[in-house]
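A quick write-up on the structure given underneath.
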Amino acid sequence: MIKWSDKKIKEFRVTLLNWYDANCRDLPWRQDHEPYHIWVSEIMLQQTQVATVIPYYQRFMKQFPTIEALAQAPEDQLLKAWEGLGYYSRVRNMQRAAQQLLADYDGQWPQTKAELQELVGIGPYTAGAIASIAFNQPEPAVDGNAFRVFSQLLEIEADITKPQTRGIFEEAIRRIIPADRPGDFNQAIMDLGASFMTAKNPDNVHSPVREFNQAYIDGRVAEFPVRSKRLKPVDKHYFALVLQTPKGYLFQQRASNELLAKLWLFPLIDTDQLKVENPDLTDDMVIEAAENKFLADTEIKADLQFVDAPIVNHTFTHQKWHVTLVSAELQNQPDLSHFAGQVVPVEKLATMAWPTLQKKLWTAYEKRQIKLF
DNA sequence: GAAGCGTGGAC
DNA sequence: TGTCCAAGCTT
């Protein structure tokens, strides 16, 4: 498959690793090869930029310095430490894997890629990264950087969004990766992909591996990697009800099978669904219908004076939410025995793990215009 | 195998 | 504002 001669492969390794030795990034998780450190960093780095991860990693390591600390941590503390990173199942899975490591492996890490992949949250990329960086195994670690770099070096035209394409890249990399420094090799590819061979505005003129970059030589860099287009996010519409009571704010927990699973948000009403259930509903009646539905569902007996309706937009990977925020202050504590949620005192708000949407809702709430008349 | 899952940076 | 992408994994 790969056309490179043995001589060219050797020259590439030397060129890449010499460059890496002189120019590798000084990152907090590169201070040692502790599998726990490599693991936590790799999980955080999934679909997340290095600059974003650094402060999270440093705080996380202070708070949960060992596998044991991670395994024993209360989930709300873990989620608070993960707040704002997104893909919250990552930290839940990581804790499960930590417990798995202690229970099934007596805290001793398995060192092969296949065994590592058995742990929840560790897929082919992360298993390859841990195996090569922490355990010196000659395993490929194919992330977005590796897809981009090798697709250009070797002009691989397979669509990288297809699951089966990974194997093509892994096979090629297995012939190139050096047995003596596999971890450095994989990390060098990632540093290359983050510096010269970037997705946007690459600088191949100064790239240390420009002579090996067939796509660059052929003037075809922009053609690689081949990737099918992603779908546009679907629009969704909600009302968020901010209810302040003497004992605190009302929150509802997201279901475990939906977006932002098990996180706590202001109560939301799906107004798209409301319109499906009641096709005659006009736009200016939706707000009242939403409020009435909420009061009916919760059996809260109160004369709510909702004010304002700022709209908070938030885009997830597959959905674009348009959330109209309405708020009311209840002077007397209502009967909440039929309310499926919790009342959070003001002083406890800061201990909750708020996804970015909830932060935006809170900001909009604080900025709301108080109508005096 | 396709779809679902968060967020922020860069342009 | 829109679009693409970033050290992907699970179902």
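Numbered from 1 within each chain, the chains take letters A, B, ... in sequence-line order. Bear in mind the structure is a predicted one, so any value in this text is a computation, not a measurement. What's counted below: heavy atoms across the whole structure, side chains too, no hydrogens, waters or symmetry copies.
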* Report yes if a side-chain nitrogen or oxygen of A:Q319 is closer than 4.0 Å to either non-bridging phosphate oxygen (OP1 or OP2) of B:dG4; otherwise report no. => no
* To do: Could you check how far CZ of A:R230 sits from C1' of B:dG6, rounded to whole Å?
  => 13 Å
* Return the value, rounded to whole Å, for the distance between atom CG of A:L231 and atom C1' of B:dA2. => 10 Å
* Structure fact -> In numerical order, the residues of residues 19-44 of chain A whose heavy atoms come under 4.0 Å of DNA chain B are none
* Please determine, by modelled atom types, if A:W321 and A:Q319 share a side-chain donor-acceptor pair under 3.5 angstrom. => yes
* Structure fact -> Counted 5' to 3', the first and last nucleotides of DNA chain C within 4.0 Å (strictly under) of a heavy-atom of chain A are C:dG2 to C:dT10
* Would you classify A:I122 as touching base, sugar-phosphate or nothing, given that sugar-phosphate means primed atoms plus P, OP1 and OP2, and contacts are heavy atoms under 4.0 Å? => sugar-phosphate
* Asked: A:L45 CG to B:dG6 P: how many Å, rounded?
  -> 18 Å
Between N or O atoms, less than 3.5 Å apart, protein on one side and nucleotides 8-11 of chain B on the other: list the pairs.
| from | atom 1 | to | atom 2 | distance (Å) |
| --- | --- | --- | --- | --- |
| B:dG9 | O4' | A:Q49 | NE2 | 3.2 |

* Structure fact -> Rounded to whole Å, the NZ-P distance (A:K359 to B:dT7) equals 9 Å
* **Which residue lies more 5' along DNA chain C, comparing A:A129 with A:N93 via nearest heavy atoms** => A:A129
* Does NZ or CZ of A:R368 come closer than 6.0 Å to the centre of the six-membered ring of A:Y365, within 45° of the ring's axis? -> yes
* So, are A:R220 and A:E223 salt-bridged, with charged N and O less than 4.0 Å apart? -> yes
